[in-house]
Amino acid sequence: MKNTDIKKLTQWYDQNKRSMPWRDTGNPYDVWLSEIMLQQTRIEAVKPKYIAFKNELPDIASLANCDDDRLMRLWEGLGYYSRARNLKKCAIFLMEYYDGKLPKDFELLKILPGIGPYTAGAIASIAYNLPAPAIDGNVLRVLTRYYGITEDIRLPKVKEMIEEKLNDFYSPKQLNPNYASFNQGIMELGETICVPNGAPQCKKCPLNKNCYAYQNQMTDSIPYRSSLKDRKILARTLFIIRDDQSFLVHKRPHKGLLAGLYEFPGVDAHLTKSEMISHVESLGFTPLKITTLPEAKHIFTHLEWHMRAYEIKVAEIQHTLDEHYYLANKKELQSLAIPSAFRKYTDWYSLRD
DNA sequence: AAAGCGGGGAG
DNA sequence: CTCCCAGCTTT
């Protein structure tokens, strides 16, 4: 990138950056936490969660000592829950080996749990102003347009091409560079001006003079993204087994989809009412009254759940199932981390808020 | 290299 | 409804 554009970009950022709860606090923990939360997640969704999280776990030490259920509760609704587990794992590692601090080194950051090439570059540049690339989806979009790269943005080689183009900037030849403003500037540009879906506000862009896509009217064809494969559809039947006080809940396995989160028990099939009754009886329950609840669909990136649900009232709930099943009253239920997939049913009972 | 992993906004 | 967005780990 031309030196004049680098200067325009960093100046544009310093003058136009939006205020964020984690921005310019001078605390590397804030950069780390926000960058992990912002992976695959929109800024507006992150803001309230970030504030609540910081309030509960203000530093790396408190994160390292946080109870797992509490951690999941703080992450509830953000998705990709392994991010939270890796966050804690990393905090424990930092307390043990790095004096509770994030290392000021791109290569060392990159090998920490949950921190990959992008996040390592973001922490290195934003928290410590070190010369390191931080190539996220925004950077990929802005720079494929700027350089006129028409290849499939999903291919790893496109990221490598961008990295190659940026190499000069991250070498020490540059005079007094502001790596934090440069990296954040490209991302901020991607979020506010160089937006996806063919509606970028190129007239306002500080890079428009040398932008290939703008100069050649190609902003709706760049970046090119190949289409995704079809999602698998999984039929589910949920059992909301309850008495007047309590509900039966199930804690999902600690690995895999929605790991360690709570749900209403169920099976991976659509059961008819009579099949459902024999299943529930085989679990040791005697239905007193059965209500068919509305069906619900939940879409994951790679999977769709098509859910049926029955409310099964029993006289006095007790169970002899394994340790992954719990009885929770309404109040306890509100303190458990239950993913959005079940929102229709948790809302049904006004169990939240 | 490909698959697994959530959730929400726009149209 | 359909389409879009997208970083890290595991396989």
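Proteins come first, then strands; the chains are lettered A, B, ... in the order of their sequence lines, and each starts at number 1.
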Which of these nucleotides, C/dA6, C/dC5, B/dG4, is closest to any side-chain atom of A/R42? C/dC5

For A/R343, which contact category applies under a 4.0 Å heavy-atom criterion: base, sugar-phosphate, or nothing? sugar-phosphate

In whole angstroms, how far is the P atom of B/dA3 from the CZ atom of A/F300? 19 Å

Rounding to an integer number of Å, can you tell me how far A/R85 CZ sits from C/dC8 P? 17 Å

Looking at the side chain of A/L257, which of C/dG7, C/dA6, B/dC5 is the nearest nucleotide? B/dC5

When you check the gap from the basic side-chain N to the acidic O, do A/E76 and A/R73 get nearer than 4.0 Å? yes

Nearest whole Å is fine: how far is C/dC4 C1' from A/I299 CD1? 13 Å

Report yes if at least one side-chain N or O of A/H298 is closer than 4.0 Å to OP1 or OP2 of B/dG6; otherwise report no. no

Numerically ordered, the residues 107-114 of chain A set in heavy-atom contact under 4.0 Å with DNA chain C is A/L112, A/P113, A/G114

Between A/D244 and A/K313, is there a salt bridge with N-O shorter than 4.0 Å? yes

Please check if the number of heavy atoms outside A/K89 that lie under 6.0 Å from its NZ is greater than 12. no

Can a donor-acceptor pair under 3.5 Å be found between the side-chain atoms of A/Q40 and the base atoms of B/dG6? no

Among C/dG7, C/dT9, B/dG7, find the nucleotide with the atom closest to the side chain of A/N86. C/dT9

With a non-hydrogen cut-off below 4.0 angstrom, is A/R141 in contact with a base, only sugar-phosphate, or nothing? sugar-phosphate

Can you tell me how far P of C/dA6 sits from CG of A/L155, to the nearest Å? 16 Å

With sugar-phosphate meaning primed atoms plus P, OP1 and OP2, does A/T119 contact a base, only sugar-phosphate, or nothing at under 4.0 Å between heavy atoms? sugar-phosphate

Between A/R225 and C/dC5, is there a contact of a side-chain N or O with OP1 or OP2 at under 4.0 Å? yes

From CG of A/L234 over to P of B/dC5, roughly how many Å is that when rounded to an integer? 11 Å

Under 3.5 Å, is there an N or O donor on one side and an acceptor on the other linking the side chain of A/S340 and the base of B/dG7? no

Among B/dG6, B/dG4, C/dC8, the one nearest A/H302 by side-chain distance: B/dG4

With the threshold set at 4.0 Å, does a side-chain nitrogen-carboxylate oxygen contact exist between A/K159 and A/E164? no

Would you indicate what A/Y80 reaches in the nucleic acid, counting non-hydrogen atoms under 4.0 angstrom: base, sugar-phosphate, or nothing? base

Comparing A/L261 with A/K232, nearest DNA chain B nucleotide closer to 5' gives the residue A/K232

Could you state the atom-to-atom distance from CD1 of A/I233 to P of C/dT2 in whole Å? 9 Å

Base, sugar-phosphate, or nothing: which does A/L140 touch, judged by heavy atoms less than 4.0 Å apart? nothing

Charged N to carboxylate O below 4.0 Å: is that the case for A/D152 and A/R225? no

Quick one: does NZ or CZ of A/K330 land under 6.0 Å from the six-membered ring centre of A/F247, within 45 degrees of the ring axis? no

With the side chain counted from C-beta on, respond yes when A/M72 and A/R85 share a heavy-atom pair under 4.5 Å apart, and no when they do not. yes

How far, in whole Å, is B/dG6 from C/dC4 if one measures between their P atoms? 23 Å

Using the P atom on both, measure C/dC3 against B/dC5 and round to a whole Å. 23 Å

What integer distance in Å separates A/I43:CD1 from C/dG7:C1'? 16 Å

Would you confirm whether A/N208, through its side chain, and A/C205, through its main-chain N or O, come within 3.5 Å as a donor-acceptor pair? yes

Should A/K49 and A/E44 count as an ion pair when the cut-off is N to O under 4.0 Å? no

Using the P atom as the point on both nucleotides, what is the distance between B/dG8 and C/dT9, in whole Å? 23 Å

d(CD1, A/I135; C1', C/dG7) in whole Å: 13 Å

